[in-house]
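See below for the structure under consideration.
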Amino acid sequence: MRFVNFLPKLLFLLFSGFFWFCSPEKGVVPDNPYSTWAQSSAWADFPEPKENWEKRILPLKKDWKDGLDQLNQIDGIDLLVSEAKTPAWLGEPAIRRFPPVVDSLFQKYLKGIVFVQNLGSTGVTVIVRDAEGKPKGGIVFLDVSYLDKPVNDWATSKERTAFQISADEELNLKLAEEKENSKIATYEFILLHEFGHIYSVVMGIVPDFSLKKRDFSTYPFYEDVWDSEVDSPFDRTILSERKKLRFYGKPELVLFPEGFHFYKKLKNTPFVTLYAAGNADDTFAEAFASYVHCSLMRRPYQVEIKKGGKSIFKAQNGIDEESGRRPREFIANLLRKEER
């Protein structure tokens, strides 16, 4: 899932647990490779939607397609985005509503959902801003080719893209009990993650993508967790192999023993899922999705590794663990303020 940010003129876009490790040396904050491109791209004014958020299904406008094609070029993805039909299963049954505070946030800040093909990842989120450049919400683009699986199959498939897996090894991820293992559940969890990106920008939790440099270390959620979008103090301590973590591409990590040890180390970090360790933006988006999914909605999130048919590792989502205390409390405080 990639996070894209649009200014009034199109902009590109795509902390810590109880245990965190400081390093005396701060990583160098690199230039933001999307800043110049983002500020030179055109974005049309976006009307304020009136219908309920789940009905805000929009067609792919030409300006949006051009922007997404440019995004793929920048990211080295040789694909041209095209419009896709709304999945037939979306209304069967109707999407379940989130907890009231989350549903109200979707209503306020989720401006639209667009179904596409050839996106290069499950989803891309864009930020809509007012004339003064203040973020007022976002639009989520979803690739239908990634949505056509029940949630446990989708989550497992995505998780496996991070590893080279031998014939006698298995990696499974469970996000739903069997009776709720549906495509609707896949759609819901993806929306929660993508909305986490929107919310992080609207609330100023992350540095803006229009900046020449994005120094995450000065933002409370990211203190001692990230220096830049891709450089973490953990890279210099217990997660030296984190730089090899890749999703949706050619994996560099082997599942056993590297992946096995990586999952065990995550339990001593504020990264609540494996995907959360990929980059700074996804750290918050995964924490937000996990908090709603696990803590509020009480749904499962379990990783299991098997070797030779035998289970050798199981782990729950870190959001409800001691290591997830800081992200859990941070998000809980945000939502309490929203309820006032």
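For the pair E188 and R299, the salt-bridge criterion is met [side-chain N within less than 4.0 Å of a carboxylate O]. The pair D227-R236 meets the salt-bridge criterion, with a side-chain N (NZ, NE, NH1 or NH2) lying under 4.0 Å from an Asp/Glu carboxylate O.
Pairs of residues two or more places apart, or lying in two chains, never qualify as ring-ring contact (aromatic ring centres under 6.0 Å, His included) while including a residue from residues 164-184.
Every residue meeting the side-chain hydrogen bond (donor to acceptor under 3.5 Å, both in side chains) condition with K213, not counting sequence neighbours, appears here in chain and number order: D31. Annotation: salt bridge (Lys or Arg N to Asp or Glu O under 4.0 Å) contacts of E241 (sequence neighbours excluded): K265. Partners of K179 by salt bridge (Lys or Arg N to Asp or Glu O under 4.0 Å), not counting sequence neighbours: none found. Remark: Y291 engages no residue in a ring pair (Phe, Tyr, Trp, His ring centres under 6.0 Å) (not counting sequence neighbours). In this structure D153 satisfies the salt bridge (Lys or Arg N to Asp or Glu O under 4.0 Å) test with no other residue, sequence neighbours excluded. Shown here are the side chain to side chain contact (heavy atoms under 4.5 Å, CB included) partners of P251, two or more places apart in sequence or in another chain: Q164. Under the rule for a salt bridge (Lys or Arg N to Asp or Glu O under 4.0 Å), R160 has no partner lying at least two apart in sequence or in another chain. Listed by chain and number, the residues in a side chain to side chain contact (heavy atoms under 4.5 Å, CB included) with L79 are N72, I77, N118 (sequence neighbours excluded). Among residues two or more places apart in sequence or in another chain, the side chain to side chain contact (heavy atoms under 4.5 Å, CB included) test is passed with I57 by T86, L90, I113, F115, Y187.
Enclosure of atom CG in N333 by more than 12 non-hydrogen atoms of other residues, nucleotides or ligands within 6.0 angstrom is indicated.
Using a 3.5 Å distance cut-off with no hydrogens or angles, the side chains of D235 and S232 do not pair a donor with an acceptor. W154 and D148 form no side-chain donor-acceptor contact under 3.5 Å, judged by distance and modelled atom types alone. Donor-acceptor pairing under 3.5 Å is lacking for the side chains of H293 and N317. Defined by atom type and a distance below 3.5 Å, a donor-acceptor pair is missing between the side-chain atoms of T186 and K149. Side chain to side chain, T283 and W226 meet the donor-acceptor criterion of an N or O pair below 3.5 Å.
For the atom pair CD1 of I205 and CZ of F288, the computed distance is 9.0 Å after rounding to the nearest 0.5 Å. With rounding to the nearest 0.5 angstrom, the CG atom of L239 is 9.5 Å from the CG atom of L245.
Two residues are said to be in side-chain contact when any heavy atoms from C-beta on lie closer than 4.5 Å; V126 and W64 fail this criterion.
Below 30°, between 30° and 60°, or above 60°: for Y222 and F216 the angle between ring planes is above 60°, a perpendicular geometry.
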Ignoring hydrogens and angles, write down the donor-acceptor pairs under 3.5 Å from the side chains of residues 256-263, residues two or more places apart or on other chains.
{"unit_1": "E258", "atom_1": "OE1", "unit_2": "V254", "atom_2": "N", "d": "3.0"}
{"unit_1": "E258", "atom_1": "OE2", "unit_2": "K244", "atom_2": "NZ", "d": "2.8"}
{"unit_1": "Y263", "atom_1": "OH", "unit_2": "E159", "atom_2": "OE2", "d": "2.7"}

Which atom pairs, one a donor and one an acceptor, fall under 3.5 Å between side chains of residues 301-314 and the rest of the protein, sequence neighbours left out?
{"unit_1": "E304", "atom_1": "OE2", "unit_2": "S311", "atom_2": "OG", "d": "2.8"}
{"unit_1": "K307", "atom_1": "NZ", "unit_2": "E169", "atom_2": "OE2", "d": "3.2"}

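Of the candidates D208, D231, D281, D281 is the only one forming a salt bridge (Lys or Arg N to Asp or Glu O under 4.0 Å) with R214.
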